[in-house]
> 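My questions all concern the structure below.
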Amino acid sequence: IESGDFDFATWKVSQTSIDKNSVTATPGANGSFDLGFNVTSVRSPKLTLSKDIRLWSHPDKILVDINPKDATITKVAVDVMPANATRAVSVTVTPTLTANASNRIEIPVSEFCDPADVASYPLTFSKISFYPGAKTGAVAFTVNGLKAVYASVGGVQDIIADAGDCDGL
């Protein structure tokens with residue numbers, strides 16, 4: 001979603017039941033980043049990263065690739081704003097994540113808008129929220145990718161001009 005390396009300084013961070021001074025993000029290779037923070041209360045802890053990023057053309061889905069390491073992530077919410085909406089649409093996923101492995105969370109664009117309605121485009125990514133499990137203490141995990149996926153993009157394969165109708169062009 002964000003091209004190049006992840007630049008934590010350009011994102012707004014908000015949190016609930018998390019020590020705001022403990023939040024760290026370390027950029028990795030290919031747009032990945034490590035997140036770390038301390039959960040201070042078991043009452044609905046949540047870390048949210050917000051940044052408006054335009055998603056051009058017609059993506060098919062939003063992909064969140066996450067390695068939870070040994071952390072428990074109970075929910076992930078992604079907010080996307082269709083062009084014809086007055087506010088972002090939030091989709092919350094309750095994934096089953098395998099520890100210490102890459103896990104793909106895929107959210108079809110149809111969860112945010114009618115993909116056939118051209119007035120919905122361009123979409124704008126607004127924020128992503130991570131909900132750690134209900135225990136206090138340090139939490140660390142890696143986001144390997146946050147991407148708009150264009151699976152059905154096709155292109156022109158061949159253009160053939162009929163020379164008989166060109167009138168000398």
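Heavy-atom basis, side chains included; hydrogens, waters and symmetry copies ignored. For clarity, every value in this text was computed on a predicted model and none was experimentally measured.
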> Filter on ring-ring contact (aromatic ring centres under 6.0 Å, His included), then keep only pairs touching residues 97-118, sequence neighbours left out; what's left?
none
> What heavy-atom pair brings Val39 and Lys135 nearest, and what distance separates the two atoms?
CG1-O, 3.4 Å
> Please tell me if the side chains of Asn144 and Phe33 come closer than 4.5 Å, counting only heavy atoms from C-beta onward.
no
> What is the distance from atom NZ of Lys51 to atom NZ of Lys12, rounded to the nearest 0.5 Å?
14.5 Å
> Would you please classify the geometry between the Trp11 ring and the Phe125 ring as parallel, tilted or perpendicular, with 30° and 60° separating the classes?
perpendicular
> Tell me which donor-acceptor pairs under 3.5 Å the side chains of residues 18-28 have, and how far apart each pair is, sequence neighbours excluded?
| unit_1 | atom_1 | unit_2 | atom_2 | d |
| --- | --- | --- | --- | --- |
| Asp19 | OD1 | Asn21 | N | 3.0 |
| Ser22 | OG | Asp19 | O | 2.6 |
| Ser22 | OG | Asn38 | N | 2.9 |

> With sequence neighbours left out, write down each residue that passes side chain to side chain donor-acceptor pair (under 3.5 Å) with Ser14, or none if nothing qualifies.
none
> Using the salt bridge (charged side-chain N to carboxylate O under 4.0 Å, His left out) criterion, which residues pair with Lys69? Sequence neighbours excluded.
Asp34
> Identify all side-chain donor-acceptor contacts of residues 96-105 below 3.5 Å with residues at least two apart in sequence or on another chain.
| unit_1 | atom_1 | unit_2 | atom_2 | d |
| --- | --- | --- | --- | --- |
| Ser102 | OG | Asp65 | OD1 | 2.5 |
| Ser102 | OG | Asp65 | OD2 | 3.1 |
| Asn103 | OD1 | Thr98 | N | 2.8 |
| Asn103 | ND2 | Ile66 | O | 3.3 |
| Asn103 | ND2 | Thr98 | O | 3.0 |
| Asn103 | ND2 | Ala101 | O | 2.7 |
| Arg104 | NE | Glu106 | OE2 | 3.4 |
| Arg104 | NH2 | Glu106 | OE2 | 3.1 |

> When you check the side-chain N and O atoms of Arg43 and Ser17, is any donor under 3.5 Å from an acceptor?
no
> Run the side chain to side chain donor-acceptor pair (under 3.5 Å) test against Asp52 and tell me which residues pass, sequence neighbours left out.
none
> Sequence neighbours left out, cut at 3.5 Å: what donor-acceptor pairs do the side chains of residues 73-88 make with other protein atoms?
| unit_1 | atom_1 | unit_2 | atom_2 | d |
| --- | --- | --- | --- | --- |
| Thr74 | OG1 | Tyr131 | O | 3.1 |
| Asp79 | OD1 | Ser90 | OG | 2.8 |
| Asn84 | ND2 | Asp117 | OD2 | 3.3 |

> Are side-chain heavy atoms of Leu146 and Leu63 found at a separation under 4.5 Å?
no
> Is it true that Leu47 and Val42 fall in one hydrophobic cluster, defined by side-chain heavy atoms closer than 4.5 Å?
no
> Determine the minimum heavy-atom distance between Val109 and Pro59, stating which atoms define it.
CG2-O, 2.9 Å
> Side chains of Phe130 and Phe141: does their closest heavy-atom pair fall under 4.5 Å?
yes
> Measure the shortest side-chain to side-chain distance between Lys147 and Ile62 over non-hydrogen atoms and say whether it is less than 4.5 angstrom.
no
> Could you list the residues that satisfy ring-ring contact (aromatic ring centres under 6.0 Å, His included) with Phe37, not counting sequence neighbours?
none
> Which atom pair, heavy atoms only, marks the closest approach of Tyr150 to Trp56?
OH-O, 2.7 Å
> Applying salt bridge (charged side-chain N to carboxylate O under 4.0 Å, His left out) as the test, list every pair that has at least one member in residues 93-102; sequence neighbours left out.
none
> Can you name the side chain to side chain donor-acceptor pair (under 3.5 Å) partners of Ser129, sequence neighbours left out?
Thr48
